[in-house]
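Here is the naming used below: chain letters follow the sequence lines, and residue numbers restart at 1 for every chain.
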Amino acid sequence: MQKYLIILTGPTGIGKTSTGMALAKHFNTEIVSSDSRQIYKELNIGTAVPNKEELALIKHHLIQNHSIHENFNVSKFENEALDIINSLFKKNNLVLLVGGSMLYIDAVCNGIDNMPDTDPEIRDILKNRLESEGIESLRFQLKKLDPDYYNTIDLKNTNRIIHALEISIMTGKPYSNFLTKSKKERSFSIIKIGLNCERAKLHNIINTRVDHMVNAGLEDEARNLYHLKHLNALNTVGYRELFAFFDNEISREKAIELIKRNSRRYARKQLTWFRNDDEMNWFEPNQTTEIITFIENKIDKK
RNA sequence: GGGGAGAUACCGAAGCGGUCAAACGGGGCAGACUGUAAAUCUGUUGGCUACGCCUUCGUAGGUUCGAAUCCUGCUCUCCCCA
């Protein structure tokens, strides 16, 4: 029996959760989340996780099942998501992957190359060197250790330089050796559904949603996490801006304004990414019926 | 009613006779993307039949070889005095 993974994605705020719920109900299946921040149990309001009622109605996976103290990453996500998806396929022919984290979705669909997990110590050393010696020093070393990558990478992107360096240093092999650019085989078919609407409308939704989050107590949530602000998981829209407010760098109003702006920008980045995906089938958020018909037609034809 | 200040591109704000399609900031738009990805980085922002052309600096005229920049009328905004 052919198995189908339905990818439901789109920009933040577009309505993936509710559409996903409707699809899960109709196809009598479960939802695997592909959201890099809803995966953390300490994060709630700011990540707009499905609420208790929703979670009670439809079984969700990879929601709030990790801690921000862990070193989570795409590769771990790929493995965990695939495990869950494959086990769900034992009882369902169709499983939903719902979320907006582009790279995470990509890892489930196409896989990510095998390479060692990064070593926090090496990263710290490199970061310190960046501070003390400047980016040139790191570039210089990268040029020596991995000239190929050095020639293709954006040399202003410190994160990428640091990652390439840490892998090259850890393994003694150029980072680019690990990049196979090959696509991993999956045992299931993939149908991609993208939700989008008029940009002005999306901005409106996002702005209102941020106001709702603030009313729901986002500030308290952030304040309780403030002492952990150095954690990568908290380098996230909705938290970092409030941390800046707590640090007296900006006003509360400014923080809220920035959360809105950064959410809008995040939405745009998501759309840039998804637009490039030829396999994406686009719908408006209220077209649940059309989406269901679309999926059923796709499945019937096979 | 009297006096003063000002109207610049999506917004804020420089410019104060040519080197101005107009600094700078914000916002927007576009793009890159392999273990930090809600991250990180890049480009762009009057129009076009695009190494050139066309229309822009409240509005209508005027001065000048040449105006966003000078002069005049008008409209609107703000401030002070009545």
Carboxylate-amine/guanidinium proximity below 4.0 Å for [X] and [Y]:
X        : Y        : answer
A:Arg223 : A:Glu219 : yes
A:Lys260 : A:Asp211 : yes
A:Lys254 : A:Glu241 : no
A:Lys181 : A:Asp113 : no
A:Arg186 : A:Glu78  : yes

Anti or syn - B:G35, cut at 90° from 0: syn
Would you kindly give the [atom1]-to-[atom2] distance between [X] and [N], to the nearest whole Å?
X        : N     : atom1 : atom2 : value
A:Phe72  : B:A37 : CZ    : P     : 10 Å
A:Asp106 : B:C33 : CG    : C1'   : 10 Å
A:Lys76  : B:A37 : NZ    : C1'   : 15 Å
A:Ile162 : B:U40 : CD1   : P     : 12 Å
A:Met102 : B:U40 : CE    : P     : 12 Å
A:Ile39  : B:A37 : CD1   : P     : 10 Å
A:Tyr104 : B:A39 : OH    : P     : 12 Å
A:Leu202 : B:G28 : CG    : C1'   : 13 Å

Any donor-acceptor pair under 3.5 Å from A:Thr29 side chain to A:Leu94 backbone: yes
Any donor-acceptor pair under 3.5 Å from A:Asp35 side chain to A:Gly99 backbone: no
OP1 or OP2 of B:G28 under 4.0 Å from side-chain N/O of A:Arg265: yes
When the [atom1] atoms of [N] and [M] are considered, how many whole Å apart are they?
N     : M     : atom1 : result
B:U64 : B:U75 : P     : 28 Å
B:U69 : B:G58 : C1'   : 15 Å
B:C24 : B:A9  : C1'   : 14 Å
B:U59 : B:U8  : C1'   : 14 Å
B:A50 : B:C76 : P     : 44 Å
B:C10 : B:G47 : C1'   : 16 Å
B:A82 : B:A14 : C1'   : 36 Å
B:G62 : B:C81 : C1'   : 34 Å

Mind checking if [X] touches a base, just sugar-phosphate, or nothing, with heavy atoms under 4.0 Å?
X        : value
A:Ser75  : base
A:Tyr175 : sugar-phosphate
A:Thr12  : nothing

Near-ring test A:Tyr226/A:Tyr239, centroid separation under 6.0 angstrom: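 When the ring centroids of A:Tyr239 and A:Tyr226 are compared, they turn out to be at least 6.0 Å apart.
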Test of ring centre spacing under 6.0 Å for A:Tyr40 and A:His66: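 They do not qualify: ring centres at least 6.0 Å apart.
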Of residues 111-126 of chain A, the positions that come close to RNA chain B - non-hydrogen atoms, cut-off under 4.0 Å: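 Going residue by residue through residues 111-126 of chain A, the ones with a heavy atom under 4.0 Å of RNA chain B turn out to be A:Ile112, A:Asp113, A:Asn114, A:Met115, A:Asp117, A:Thr118, A:Arg123.
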Those residues of residues 220-241 of chain A lying under 4.0 Å from RNA chain B by at least one heavy atom: A:Asn232, A:Asn235, A:Thr236, A:Val237, A:Arg240
Criterion side-chain contact (heavy atoms from CB on, under 4.5 Å) on A:Phe77 and A:Ser101, from CA distance to verdict: CA-CA 11 Å; A:Phe77 179 82; A:Ser101 298; over 6 Å; no
side-chain contact (heavy atoms from CB on, under 4.5 Å) evaluation trace for A:Ile31 with A:Lys59: CA-CA 6 Å; A:Ile31 289 176; A:Lys59 176 84 178 150; over 6 Å; no
By salt bridge (charged side-chain N to carboxylate O under 4.0 Å, His left out) - contacts of A:Glu185 (at least two apart):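 In terms of salt bridge (charged side-chain N to carboxylate O under 4.0 Å, His left out), with neighbours along the sequence ignored, A:Glu185 is linked to no residue.
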Each stem that RNA chain B is part of, given as range with range (3 or more consecutive Watson-Crick or G-U pairs, under 3.5 Å):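 Expected stems, ordered by start: B:1-7 with B:75-81, B:10-12 with B:24-26, B:27-32 with B:40-45, B:46-48 with B:52-54, B:58-62 with B:70-74.
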More than 12 heavy atoms of other groups within 6.0 Å of A:His69 NE2: yes
Earlier contact from the 5' end, RNA chain B, for A:Leu258 and A:Asn73: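 Mapping each residue to its closest nucleotide by heavy atoms, the 5'-most match is A:Leu258.
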5′-ward residue of the pair A:Lys181/A:Arg209 relative to RNA chain B: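 Between the two, 5'-proximity favours A:Lys181.
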Heavy-atom closest contact (A:Ser137 atom, A:Arg129 atom, distance): OG-NH2, 2.9 Å
Step-by-step side-chain contact (heavy atoms from CB on, under 4.5 Å) determination, A:Thr19 to A:Gln287: CA-CA 9 Å; A:Thr19 305; A:Gln287 290 185 295; over 6 Å; no
Any protein N or O atoms within reach of nucleotides 29-32 of chain B? Criterion: under 3.5 Å, listing atom names and distances.
| residue | atom | partner | partner atom | Å |
| --- | --- | --- | --- | --- |
| B:C29 | OP1 | A:Arg199 | NH1 | 2.7 |
| B:C29 | OP2 | A:Arg268 | NE | 2.9 |
| B:A30 | OP2 | A:Arg199 | NH1 | 3.2 |
| B:A30 | N7 | A:Arg268 | NH1 | 2.9 |
| B:G31 | OP2 | A:Arg275 | NE | 3.4 |
| B:G31 | OP2 | A:Arg275 | NH2 | 2.6 |
| B:A32 | OP1 | A:Asn276 | ND2 | 3.3 |
| B:A32 | OP2 | A:Asn276 | ND2 | 2.7 |

Qualifying side chain to side chain donor-acceptor pair (under 3.5 Å) pairs with a residue from residues 155-175 of chain A, counting only residues at least two apart or across chains: A:Arg123-A:Glu166
